[in-house]
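Note sheet for the following structure.
Here is the naming used below: chain letters follow the sequence lines, and residue numbers restart at 1 for every chain.
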Amino acid sequence: MEFIQSLLAAMQDAVAQGVLWSIMTLGVYITFRVLDFADLTVDGSFATGGIISAMLVSHSVSPMLALLAALLGGMLCGFVTGFLHTKLEIPGILASILTMIALYSINLRISNFASNVPLLGVSTIFDQFGSVLKGVGSNVISLIIGLLFVVVIISVLYWFFGTEMGSSIRATGDNEYMVRALGVNTNTMKIIGLVLSNGLVGLSGALVAQNQHFGDVGMGTGTIVIGLASVIIGEVLMGHRFSFAYKLASVVVGSIIYRVMIAVVLQLGLKSSDLKLLTALLVAIALSIPVMKRKLFTKVKPAESEEEPND
Amino acid sequence: MIELKNVSKTFNANTINEKRALVNLNLTIESGDFITVIGGNGAGKSTMLNLIAGVFPCDSGKIMLDGEDLTRLPEYRRAKLLGRVFQDPMRGTAADMGIDENLAMAYRRGKSRGFRWGIRREERDLYREKLKTLELGLEDRLTSKVGLLSGGQRQALTLLMATLQKPKLLLLDEHTAALDPKTARKVLELTDEIISRDHLTTLMVTHNMRDAIRLGNRLIMMDEGRIILDIKGEEKKNLQVKDLLELFEKASGSAMDNDRMLLS
């Protein structure tokens, strides 16, 4: 009974966290699924968003303004990766690693060389909202704010990816040869996608920092893997079909389920330091499912065809 | 009018794999020309098309289209002038997007793409009408993903996309080579129909000598990065496959080495 109770309490927190982190996951979805680009920048830009917003709020800047600054900061990170990749032709994954590493130093500059920026005695967007809705639990407040942001962001993304420019970005991720042959500058499309994605990641980091009342230069480590895990969980649970809005919503669901799964294994006695291993395993398994299906379940007909299919 | 002046391209220059793909090539394409291009393996046919399209830059020379110098324009900026269909059916369409979305991308070729909605309602009627002319029943599957279509259907769709906005030059790079014979014939018929209906200036690479003779008003044959034969008008109409082989041997000093070409 006690176990169930503490599990339920942990669940509430997990759902709220899942929604706040899902904004990052939406960003990862844009690069990983729409642009087909494994963007490790997010490990840096998540912390950049968190640190920017923590620094600004601790210097009494309005929390909402701090979120906006984090969004812009994240966008800038995405632009740098896009520039390295498209204009300087550095392979995508390497370009994003370079930005990620550089951001570690930059984040320490922003935080004035403090590895941790506490938010004590100042009010975050969650405190402000809580003082309006008195008597509502802090988890519920986090959830409401998180959902408000998610709804607005999904609406904007749905609109944007339906426009001419958004369609061109989707097509670039699908077949960039075609898109160039049809007169679109695919480099610009990739940069816009990366800017948009990392803007969301920075915003998510800022919300998480304000929610936990501190920003930390290490808070971004492993973000990309968490994002991938969430995207994949969402797809497995909700399926690939239906509209773009549905796909975005399934990403959010994936992020929440991810947090719930983490909460459960923590309740079962795993240490929080084991989580990164667990997440990596989860992603490795999920990504290898198609390969394993092929290797385990396709029977090779003996001696009938001479040539192996080479795909 | 399209002019290639002294165009050269060498791949892997100064290495053991150096390949002189085009050597001081000169070609003038008049408006309304439908030119078929044949040649052996590695003759430079695809390189010529890719240089015109701007997939890679020329080492030297100039490419002019109606007086406009294209030589330094990036691929995506030349696209407003060119329609292209590739050998690989996967190349010309976006598999995860709908037929209508693909057509909408093509409909905006060469135009700026902003924050207007990606497909407007009245466009769909236009697309349905255009798809009907393919006679493949695609007009009833407007929102189907292109990935569900067969190779032939995808090539027909790519052809439609390439000509949806009338291009100043249509580039067809062995666009039927990856299809089975029956489908290839159908796509080729369609190609001829669209070209004569819209009076498109066309450069079509093919490995089929009979098609090269049958279609178009001009035939060029390439070998080792050069144009070795350029046959037009009456002379082309009376051409036979065996004449072509003889002409090739005389011009290049060796026998035709393109197996696909000889077998088809």
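Between B:Tyr127 and B:Tyr107, the ring planes lie perpendicular to each other; the angle is over 60°, past the 30° to 60° tilted range.
When each of B:Met161, B:Met97, B:Gln165, B:Glu101 is checked for heavy-atom pairs under 4.5 Å with chain A, B:Met97 comes out on top. Here A:Asn185 is the residue among A:Thr186, A:Val179, A:Asn185 with the most heavy-atom pairs under 4.5 Å with chain B. Per-residue counts of heavy-atom pairs under 4.5 Å with chain B were compared for A:Gly162, A:Gly166, A:Ser167; the largest is that of A:Gly162.
Listed by sequence position, the residues of residues 46-58 of chain B in contact with chain A number zero, using a 4.5 angstrom heavy-atom cutoff. Applying a 4.5 Å heavy-atom cutoff, the residues of residues 145-158 of chain A that approach chain B are A:Tyr158.
The line from CZ of B:Phe86 to CG of B:Leu172 is 10.5 Å long, rounded to the nearest 0.5 Å. The distance from the CD1 atom of A:Ile192 to the CE atom of A:Met75 is 10.5 Å, given to the nearest 0.5 Å.
Heavy-atom distances place no part of A:Phe161 under 4.5 Å from chain B, backbone and side chain included. Contacts between B:Ser112 and chain A at a heavy-atom distance below 4.5 Å involve the backbone alone (N, CA, C, O).
Applying the 6.0 Å contact sphere to NZ of B:Lys19 captures more than 12 heavy atoms from other residues, nucleotides or ligands. The 12-atom threshold is exceeded at NZ of B:Lys111, counting heavy atoms of other residues, nucleotides or ligands nearer than 6.0 Å. A 6.0 Å sphere centred on CZ of B:Arg77 holds no more than 12 heavy atoms belonging to other residues, nucleotides or ligands.
Judged by distance alone, the side chain of A:Glu164 and the main-chain N or O of B:Gly114 form a donor-acceptor pair under 3.5 Å. Judged by distance alone, with hydrogens and angles left aside, the side-chain atoms of A:Asp39 form no donor-acceptor pair with the main-chain N or O of A:Ser96 at under 3.5 Å. Under the 3.5 Å distance criterion, the side-chain polar atoms of B:Arg109 are matched with a main-chain donor or acceptor of B:Leu82.
B:Asp100 pairs with exactly one of B:Arg124, B:Arg141, B:Arg121 by the salt bridge (charged side-chain N to carboxylate O under 4.0 Å, His left out) rule, that one being B:Arg124.
Counting only heavy atoms from C-beta outward, the side chains of B:Arg84 and B:Arg91 never approach each other to under 4.5 Å. Considering only heavy atoms from C-beta on, A:Tyr29 comes within 4.5 Å of A:Glu235 through its side chain.
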